[in-house]
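Take a look at the structure below.
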Amino acid sequence: MVLCPVIRKLLHKRVVLASASPRRQEILRQAGLRFEVVPSRFKEMLPKALFPSPPAYAVETAKQKALEVARRMHQKDLRAPDVVIGADTIVAVGGLILEKPVDKQDAYSMLSRLSGKEHSVFTGVAIVHCCSRDGRLDTDVSEFYEETRVRFSELSEDLLWEYIDSGEPMDKAGGYGIQALGGMLVEQVHGDFLNVVGFPLNRFCKKLAELYYPSGREDPRPAQSHQGRGGRDEDGGERTQAAGPEEAVSSRTGHSPPPFPTGLLELVDSFKASKALFTACKLKVFDLLKDGAPLKAVDVAGKLGASACGTGRLLDACVALGFLQKTDRGYSNTETANLHLTSDGAYSLRGLVLHHSDHPWDLSARPESAGRDGVDPHDGALGERTGPPCQASCAHSEETRLGLLRAMHSLAKLTARHVATAFDLSRFGSACDLGGCTGALAYVLAREYPRLRVTVFDLPEVLQHVAGFQPDGPRTEQVSFLPGDFFEDSLPEADLYVVSRILRDWPDGKVHELLSRVARACKPGGGLLLVDVAAGPEAEAEAEGLRRRAGGERSAAVYAHLLRRLGFADVRAAGAGGRPLALLGTRGAP
Ligand SMILES: Cc1cn([C@@H]2O[C@H](COP(=O)(O)OP(=O)(O)OP(=O)(O)O)[C@@H](O)[C@H]2O)c(=O)[nH]c1=O
């Protein structure tokens, strides 16, 4: 049964709900609306700091969800639906926006933040009317939001964890579902209950009435004064709309506003995240919070000798980035921070973070070459790259150099098994890992191929630290270390040369020089295993000239071309998780 007459107005239109939320589908279905469900692929990652208030963020996200579906459907069959509805529910407490928790710990920090307090639930809604003209999509967006205030009782730790363990919080904003078990946490609700559940049905109907009967009469016939905008309703009259400020602009110019430049704004903002990470690592915040009880901002500040206010801001930034969690008892490390950001974490990348913090990427040296098309990929467009960080670290303090080695070791450990098994290497009797650093990959190669003898060839100043790095599993006689410079000294004899994760930081000329040396040393039938290719689709990597030339990986196609030019045949690529990872070429007869 359709109680709201204005919902009836939509029955003859093709309506799409751009939402995967089962609650939204249920609410609208119960209201008698007929619609298709096409979940939006829009990533809910708009930079929150750019919005004047939490509801403005929810409304923009709802709008982007709906527009993404409208565009996708229009692109697919050049016919957009008549109406696309998008929604986004968020919880706001003390100026902070809470969305769906990423894991149990996140759910815990959200719920403990809400315990004993009042918070607001905002649902932003966008109603997008679409019209295809000459293959072009025109959209009219109407948007609104609804606020409901919810007060939680004081929640005990036991209750919190029991609730989290029920699994209910995970797909819900703020980490609770008021309509189910989460109802037990709620003391008071001011406003529309369904708004908390995910869709403000009452306001939605009012908005539709505003759009379809703007004069206030529930009369389906269109008013004369509203002609001239949008599509036609089922009676054949011009569809009428209440114009918001944005729509007023679009009706003046005849154009819809351009899509929200999400990616661009994220880029503008993204340095802040790196900066927060660099600062926290430098100050050893994660070392301080490792294993111990949670600490308040003022205690962390005291131990660091920093200001309480600045420290609080830094710690909150780390919470937002997922490196720290915050409860009433204070801040503590997340698992990611313990693993990767403490000095002695099992997979510590702190050295790498400090290296990048101290060596900002200098793209300004020859900016005109960086994005220029048609530059020979082998002429070293920027020429400013300094080589792999562990080799460029000679001038660094001992602590930084060791930190970097640890980081290289961790990175190699994370990928070694994928690399070693990307191809069947059992036909090779010996291998030489050029720039193999601590031997992390060499030991895994040896374990996978018990017949293989592996020589790690690296600078003496790198190899002098190797003893401090234990291989995973027992040491083996199969692996040996040989000091040398692969640009100066002759390369050790081997059936297979491995060049793993060292090329990305070298300029093109150096890459060419090194691979030419390998090609000369490699016997016919021998192999070159190259691990450094861009982790993205070929075309994408090819298009990203800037990234390729100025510090990123090169694409598999670029490397394959180079290997063939250098006399390698049967060049094959292998990947992990659908992404290219490594190339194997076989040396042909000279
Ligand atoms: C506070 C509260 C929220 N929710 C659900 O939380 C999700 C919010 O996330 P979203 O990003 O707005 O939506 P989604 O689920 O990701 O779907 P989509 O629209 O495809 O982005 C929606 O599901 C809501 O029902 C409840 O079910 N009960 C509650 O008490």
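Read the numbers this way: they start at 1 and go in the same order the structure lists the ligands and their atoms. On a predicted model such as this, the values are computed, not experimentally measured, just so you know.
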Heavy-atom pair with the smallest gap, counting every atom of Thr342 and Asp287: CA-OD1, 3.1 Å
Ionic contact status for Arg41 with Glu68, cut-off 4.0 Å: no
Under 3.5 Å side-chain donor-acceptor pair for Tyr176 and Glu168: no
For ligand 1, the residues whose heavy atoms come within less than 4.0 Å (ordered by chain, then number): Ser19, Ala20, Ser21, Arg23, Arg24, Glu44, Lys65, Ala87, Asp88, Thr89, Lys100, Asp171, Lys172, Ala173, Tyr176, Gly177, Ile178, Gln179, Val196, Val197, Gly198
Cationic tip of Lys296 above Tyr331 ring, under 6.0 Å, 45° of axis: no
Check: Asp140 side chain, Cys130 main-chain N or O, donor-acceptor pair, under 3.5 Å: no
Donor-acceptor contact present, side-chain Ser120 to main-chain Glu147, <3.5 Å: no
